[in-house]
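Ligands are counted one by one from 1 in listed order, and the atoms in each one are counted from 1 as well. Side chains included, hydrogens not; waters and symmetry mates left out as well; all remaining heavy atoms used. The model shown is predicted, which means the values in this text are computed figures rather than measured ones.
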Amino acid sequence: MTLPLTFSPEVAQARASGAPLVALESTIITHGMPFPQNVQTARAVEDAVRAGGAVPATMAILDGRIHAGLTSAQLDTLGQAQGVAKLSRADLAACLATGGTGATTVAATMICARLAGIETFATGGIGGVHRGAELNFDISADLMELAQTPVTVVCAGAKAILDLPKTLEVLETQGVPVIAFGQDDFPAFWSRSSGMKAPLRMDRPAQIAAAHRMRAALGLPGGQLVANPIPVEAEIPSAEITPHIEAALAEAEAQGISAKAVTPFLLQRIFELTEGRSLASNIALVLNNARLTAQIACELVKLP
Ligand code: PSU
Ligand code: MN
């Protein structure tokens, strides 16, 4: 069976010439940010990857095919579409087999990246262990994907909507290297520090690329999680964001929001409660991650 995989002209050319490639997710576009900032940000992130000397491949499922790289028109359509499916590992094959359309989470984007031969991926925040996971068992499939799919994922840490200590514990159990970039602390999305030390620290993109190759040489499955702190000027003080996080969590609980709807609900409510402040920070950190990921991708193509 041939894979239902379509490369954009830009990505096809990059593959043919061996140029560095960076995967980008689409759930951040459909479920993570409102229109039109979602589409503007997606374009700016692609441009940041290009400015860093790599080629962006935004992933999405359109009419039953995996698209590695979206055209400008496809990006516009996806960014304005209503009720787009949010696809994780469990949903991918069913969506493709039924000719569906959907946005890829971190887990699904990693799977698509591997199929497209792409080893690096930039995003904002990853899914993790939700607060109350000991009762609701809500643990994002992103964590288990990192344990089995060989893609280095660059994020800004995890949001405090999650239980960060438990998230780091699960990553450790799953054997996922968690590397803080340029500092000792694990960053927490809007804040440069979560107050916890990251298990690993690296200061240079070349080290991250070398570690990626070494994992493969050792025959270890899975990828790496790089946690890149938000730029200082975009940080939101925890005293400012914490009450909004607590309010959003309480509303989710009161409304019985569960399963796949939890993360998008919380992101949307925090955006509303901060009157857009969280969005400006979110955009700044994603751009920052795109720049770092392009550097890692450029280092990777230098290695055998
Ligand atoms: N966290 C964010 N922004 C996001 C997401 C998470 O700060 O956009 C999205 C990503 O696509 C991530 C997904 O992979 O939500 C996780 O969803 P869940 O918790 O349902 O696995
Ligand atoms: Mn979940």
Here the atoms of ligand 1 under 4.0 Å from any heavy atom belonging to D142 are 12 (C), 14 (O), 16 (C)

> Is it true that a side-chain atom of K86 and a backbone atom of T105 form a donor plus acceptor pair closer than 3.5 Å?
Replying inline: no

> Where the side chain of T242 meets the backbone of S238, is there a donor-acceptor pair that is under 3.5 Å apart?
Replying inline: yes

Ligand 1 atoms nearer than 4.0 angstrom to some heavy atom of K159 are 2 (C), 3 (N), 7 (O)

Note: L267, heavy atoms under 4.0 Å from ligand 1, region reported as side chain

Near H130 (heavy-atom distance under 4.0 Å), the atoms of ligand 1 are 19 (O)

Which is it for Q224 and T152 under the side chain to side chain donor-acceptor pair (under 3.5 Å) test, yes or no, and what are the steps along the way? CA-CA 5 Å; Q224 311 187 103; T152 287; 3.0 Å; yes

*Looking only at atom types and distance, does a side-chain atom of Q183 sit under 3.5 Å from a main-chain N or O of D185, one as donor and one as acceptor?*
yes

| message | Taking CD in E134 as the centre, count heavy atoms belonging to other residues, nucleotides or ligands within less than 6.0 Å. Is the count above 12? | response | yes

*F7 ring centre to R15 NZ or CZ under 6.0 Å, with the angle to the axis within 45°?*
yes

### Query
So, does R215 use its side chain to make a donor-acceptor pair with the main chain of P221 at under 3.5 Å?
yes

Which is it for M196 and L164 under the side chain to side chain contact (heavy atoms under 4.5 Å, CB included) test, yes or no, and what are the steps along the way? CA-CA 9 Å; M196 276 175 296; L164 299 186; 3.5 Å; yes

The protein heavy atom nearest to atom 15 (O) of ligand 1 is T263 CG2, 3.6 Å

### Query
Taking the non-hydrogen atoms of K86, is any one of them nearer than 4.0 angstrom to ligand 1?
yes

So for H31 against ligand 1, with non-hydrogen atoms under 4.0 Å, the contacting part is neither

Excluding water, the protein N, O or S atoms sitting under 2.8 Å from the Mn ion (ligand 2) are D138 OD1

task = Determine whether more than 12 heavy atoms belonging to other residues, nucleotides or ligands lie under 6.0 Å from atom CD of Q13.
result = no

Is a side-chain N or O of S8 found less than 3.5 angstrom from the main chain of V11, in a donor-acceptor match? yes

Quick note on ligand 1: atoms under 4.0 Å from a heavy atom of S140 include exactly 18 (P), 19 (O), 21 (O)

**Asked** In terms of heavy-atom contacts, does CD of E240 have more than 12 from other residues, nucleotides or ligands at under 6.0 Å?
**Response** yes

Taking only non-hydrogen atoms of F189 and a 4.0 Å limit, the atoms of ligand 1 in range are 7 (O)

Does atom CD (E253) have a neighbourhood of more than 12 heavy atoms from anything else shown, all under 6.0 Å? no

Note to self: If we ignore hydrogens and angles and just use 3.5 Å, is the side chain of T101 paired with the main-chain N or O of D63 as donor and acceptor?
What the structure shows: yes

Answer yes or no: does an N/O atom from E25 fall short of 3.5 Å to an N/O atom of ligand 1? yes

closest protein heavy atom to atom 9 (C) of ligand 1 is T27 CG2, 4.1 Å

Atom 1 (N) of ligand 1 has as its nearest protein heavy atom G125 O, 3.5 Å

With heavy atoms and a 4.0 Å threshold, my read on which part of T105 contacts ligand 1 is both

Purely on distance, is any nitrogen or oxygen of V106 under 3.5 Å from one on ligand 1? yes

